[in-house]
Structures are given as structure tokens and as C-alpha cells.
Participant: 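Before I ask anything, here is the structure I am working with.
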There are 2 protein chains.
Amino acid sequence: MVVVDSSVCAEKPAAAEPRERILSAAGQEFAERGYEAATVRDICLAAGVNLAAVNYYFGDKQRLYIESVKHAHEQRAGQVPLPEWTAGTPPQRKLRDFVGNLLERMLGFGQPPWQVRLMMREVLHPTDACRELVEDYVRPRFTLLVSILDELVDGRLSQTELRRVALSIIGQCFVYRAAGDVVAMLVPREELESHHSLAPLADHVTGYALAALGEAGPLVGAHQRIHQFREEASP
Amino acid sequence: MVVVDSSVCAEKPAAAEPRERILSAAGQEFAERGYEAATVRDICLAAGVNLAAVNYYFGDKQRLYIESVKHAHEQRAGQVPLPEWTAGTPPQRKLRDFVGNLLERMLGFGQPPWQVRLMMREVLHPTDACRELVEDYVRPRFTLLVSILDELVDGRLSQTELRRVALSIIGQCFVYRAAGDVVAMLVPREELESHHSLAPLADHVTGYALAALGEAGPLVGAHQRIHQFREEASP
DNA sequence: CAGCGTGTTAAACACGCGTTTCAATCAAGT
DNA sequence: ACTTGATTGAAACGCGTGTTTAACACGCTG
């Protein structure tokens, strides 16, 4: 009967602690087992709170799920901000930065892996609560990528074609995260590391795109060429 | 207590009917709702059989799931066979055929969409039962693609680089199926059709790869160029 | 101190699930 | 026609789930 919204908790940082713990535990459980298979009991056990807490703070399981997805996204969003570009930054460099940024967020080095996994579930089977997440978060990034590509080809491709190229770039990054387990079965063990480390992947995807767009030489025999667009000391 | 295996049903085509119906209904339910959310009751209701039938034919829910995944795969496998190539077929043509074939299987035109959706779930979260599916089915295709690419660049790329390119190609096709709903949110309504129809997509992916590998001109201003590699009358 | 709201706890509830049971039915074999 | 085994039918059983309840502990206010 007691209605609790986030603004109340923002005023009381001491009381916000169990709420945070529940959100974190719920995110992990939902990401690992899926919505149906994850149980409120396990979540509360992992969070170290009583079974009734989830109902007290969130009302029911579904609203807990929605909040945990948002929570995971908000944590992720601030962690890997886009680099700052000056007016003179060449589009090739922007593209490399964007791809590196995208891969860093998707493969999530040094960050808890369940956050992305949770969002991947939403991508595969969107729920009402998270369509807004696409609007607020995914679309701006997508639009940015399209504009970078537009600058790169200097208006020589239509918007339709630009979107296709953008989806090609995203798809190449996407497959490593979404189908990561299958990828791990397909490539030799010793090669896996290079397939899942950031810089070689980003170089490959960027070089692949630049070559396809005629903004760089073909991939064949051009292994090191795009290194000029890479910042050496990554943050 | 009664053990029933498929060989027995193969001898009695009349008795094989309910088994097939259950498999089909189960595949649909599992694909739509996921393993946990799908209920045996709904499956039996949709199949028009009694609740006890699933236990009689398959033992329990898990074995029904495994069998339904295999069943969906086997149906799919025979439906879209790879085209026959002669010794003189150029690798560009092979690549275009392969990509078209991959997209046709993934986007599944004119075929029940739940079969692919079911397998997508497995790709995202592989279960024990379906790792063999990767070995028997995915790996041969992947190896074939790598060999086509190898023939295309005539040994000028290492196996590691070839695998990366292969994954890039697969990723581009993959994203349209796995993240199809999100893609639908990102591109304008009227453009959706062209993004989800086979020939333009296959042309784009193939052209993108050929351009990146230096086997064709860049995408910019080369809209129609790869049509020479496309068979006009697709089966 | 009494009153009250906030947070927490343990126990219980109602429901839907996978699974089992057992009798009824059907199709041959002899 | 009777027997036998395979198949189907309806009902029930446990069990685990999400959710609710009511009692309790604490801190603050008047």
C-alpha cells in the first residue's frame, strides 16, 4: 500500500542501499537466467534482503525487471562516454573512435558482463518498458554513426545506403557479443583472445568499412594502414 | 515404462502424426515464449493432444525441447540447400550465392518464422543439447565461407584474417534477424521493406565484402556493379 | 511516554506448473 | 471372441512460484 518512487530514495542515501543491492542482484539473475527462470527468492537471497523487500520497493517482479534494465543501462551509459571531437577531426578518425567505443560498450572490458547481456535479451525480444531505451539511447548513437558515414562519403550515398552501411558496422560488432559463445566454438582456442580483444577488432571493422567505401586501400595487404586513425593511449 | 523411440514411429506412419504435431506446436511455443515461459499445457492444447502425450512420447519437457530444436533444424536444413557450383564458378559468384543462401535461411521468406527464432535463442544462450548442432551444421557452413574467401583473395590473407572477414559477413546477416525488432525501430517505415528483402540485402553484403577485399570497386557509385554475380531467377 | 511512519521479518496463501496415475479405448494377433 | 499391448483420456499430486499478510523493531515528533 506504501508507494515508493525513486525521488524519495534520492533524498535518503542511507535508505537507498538495499534498493541498489536488489537492482544489482536482479540484473545479474535476469541476465543469466532470463525473466521467467529468475526467481524473486534467489534475487533476494543474493541481495541479502528479505523476500518481501522486492515487493516493498518495486511492487512486483515485472516492475523490478524494468527498473533493473534501466539501472543497468544507466550504469553503462555513463561508463563509456563518446570521445570529444574538434571541428577538424577527420571522419575516418571519428569512425574508428565510434567503433572502438561501440565495441568497448558491447564487449565490456573490465566491466560486469551481465549488464550488456541483459540489454541483449531486450534486443532479441523487446518488451514495452525498453522500447523507450532504444529511442533514448540507441537511436542517437545510430544517427551519429550515419552522420559520420555521410561526412566520410561526402554525400555520395543516399540515406538508405548509409543506414545499410551503418547496420553492417553495428552487425559486425553485435555478432561478437550476441553470438559470442558460438564464435568461441568456431575459432581456434588460441585465436579467441584476438577475436575478443578490442583494438584488433575495432581496426578490422573500421578498415573493412573504409575499404568498402573507397576511403582506404583494400584489406588485402593493408594490415597496418588504419593505425593512423587510432589513438595510441586508450582511456 | 514404455519406451518409444523414433524408429518405431517411422514404421507406423499413422501413429507418427501426433508426435509431429507436438513437435511443431512445441517449436512455436518455445520460440515465441522461451523455454521457461512456454507451458506443456499450451503446447498440448495447440497440438490438439492430451496433456499426458508429451510425457508419453518424449519423457519430459526438456527432452521435448531438445527434440523440437533438432526438428526445426532438420526441417530448415533441407529446405534451403546450397547451390551447386561447377569448377569454373568464380568465387565472387559463390560468395553472392552463399550470402543469399544465408539470408534466405535466416530471414526465412515463405517459411514459418519460428524455426529460425528458436535457433536464435540457442545461439544467444547455447544449451548442452545444441552444441552438437553447431558442430554438425554451423561449422561446415562457416568453413565453406572461409574457403570461398580464401579462393577470392588467393591466399593473400591469413586464416585469422579470413575468419574475421567471415564473421563480419555473418554478423551483417545476423543482425537483421537477431535484432530485427530494433532495426525496425531505427529505419523509416517505408524503408523497412527494402531492409528486410533478400536481394538488396545480399547485394549490399556481398558488394561490401568484395569492395573491402579489393575485388570490386568501392560501394560509392557502384550500386549496380555486382549484379553480374547474381542469378536473375532465384529458386 | 504514546503515536506514527518506515523498514524488516517470517509465515502463509493461492495459483500454475511439470509430472504421474490409472482407467478407458482402440487395433491387431491368435 | 478374447487377449494383449499400444495409445488416449481426465483427474490428481507435489512442488515451487509470485504475492500477501500481519507482527515486529526502530527512530522520530508532539
Side-chain angles (χ1 to χ4, degrees), chain A residues 1-30 32-69 127 129, chain B residues 1-30 32-69 127 129:
Chain A
M1 205 58 71
V2 180
V3 177
V4 178
D5 66 345
S6 55
S7 61
V8 173
C9 293
E11 296 169 358
K12 295 185 178 184
E17 188 195 330
R19 217 186 117 99
E20 288 282 323
R21 276 207 313 255
I22 295 175
L23 280 176
S24 177
Q28 281 180 261
E29 287 293 318
F30 284 136
E32 207 60 35
R33 309 189 197 281
Y35 179 78
E36 307 287 340
T39 73
V40 178
R41 279 174 172 80
D42 285 346
I43 290 172
C44 291
L45 191 69
V49 299
N50 187 268
L51 176 59
V54 49
N55 218 268
Y56 179 76
Y57 283 106
F58 301 97
D60 58 12
K61 185 185 182 183
Q62 183 156 276
R63 264 172 292 182
L64 168 62
Y65 174 75
I66 293 170
E67 290 300 317
S68 72
V69 172
T127 64
Chain B
M1 207 57 72
V2 180
V3 178
V4 177
D5 65 345
S6 54
S7 63
V8 173
C9 294
E11 297 169 358
K12 295 183 177 183
E17 189 194 331
R19 218 187 115 98
E20 288 283 321
R21 274 206 314 252
I22 295 176
L23 280 177
S24 178
Q28 281 180 261
E29 288 292 320
F30 284 136
E32 208 58 37
R33 307 189 200 279
Y35 178 78
E36 308 286 342
T39 72
V40 177
R41 280 173 172 83
D42 285 346
I43 290 171
C44 290
L45 191 70
V49 300
N50 188 269
L51 177 59
V54 48
N55 216 271
Y56 180 75
Y57 283 107
F58 301 96
D60 57 13
K61 185 184 183 184
Q62 182 156 277
R63 264 171 292 182
L64 168 61
Y65 173 76
I66 293 172
E67 289 301 316
S68 72
V69 171
T127 64

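In the text below, chain A, chain B and the rest are named by the order of the sequence lines, each starting its count at 1. Only this structure's heavy atoms are used, side chains among them; waters, hydrogens and symmetry mates stay out.
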Participant: Could you note down all residue pairs passing salt bridge (Lys or Arg N to Asp or Glu O under 4.0 Å) where residues 47-66 of chain A supplies at least one of them, sequence neighbours left out?
Facilitator: A:D60-A:R63
Participant: Expressed as a whole number of angstroms, how long is the span from B:N50:CG to D:dG9:P?
Facilitator: 5 Å
Participant: Using atom CZ of A:R21 as one end and atom P of C:dT8 as the other, report the distance to the nearest whole Å.
Facilitator: 8 Å
Participant: By the side-chain hydrogen bond (donor to acceptor under 3.5 Å, both in side chains) test, which pairs, at least two apart or in different chains, include something from residues 39-49 of chain A?
Facilitator: A:T39-A:D42
Participant: Can you check the B:R33 CZ to C:dG18 P distance for me, whole Å?
Facilitator: 12 Å
Participant: Below 4.5 Å, heavy atoms only, C-beta onward: do B:F58 and B:R19 meet side chain to side chain?
Facilitator: yes
Participant: Could you give the CZ-to-P distance, from B:R19 to D:dA6, as a whole number of Å?
Facilitator: 16 Å
Participant: Does A:E29 have any side-chain hydrogen bond (donor to acceptor under 3.5 Å, both in side chains) partners at least two apart in sequence or in another chain, and if so, which?
Facilitator: A:R33
Participant: Roughly, in whole Å, what's the span from CD1 in B:I22 to C1' in D:dT7?
Facilitator: 11 Å
Participant: Which residues pass the side-chain hydrogen bond (donor to acceptor under 3.5 Å, both in side chains) test with A:Y65, sequence neighbours left out?
Facilitator: A:E122
Participant: Go along nucleotides 13-25 of chain D 5' to 3' and tag each nucleotide: B for a protein heavy atom under 4.0 Å from its base, S when only backbone or sugar atoms are that close, - otherwise.
Facilitator: ----BBBBB----
Participant: It should be established whether B:Y57 places a side-chain nitrogen or oxygen under 4.0 Å from OP1 or OP2 of nucleotide D:dT8.
Facilitator: yes
Participant: I'd like to check the side-chain contact (heavy atoms from CB on, under 4.5 Å) partners of B:A47; sequence neighbours left out, ordered by chain and number.
Facilitator: B:R21, B:I22, B:A25, B:V49
Participant: For B:Y56 and D:dA6, is the shortest distance between a side-chain N/O and OP1 or OP2 below 4.0 Å?
Facilitator: no
Participant: Provide, to the nearest angstrom, the distance between the CZ atom belonging to B:F58 and the P atom belonging to C:dG18.
Facilitator: 15 Å
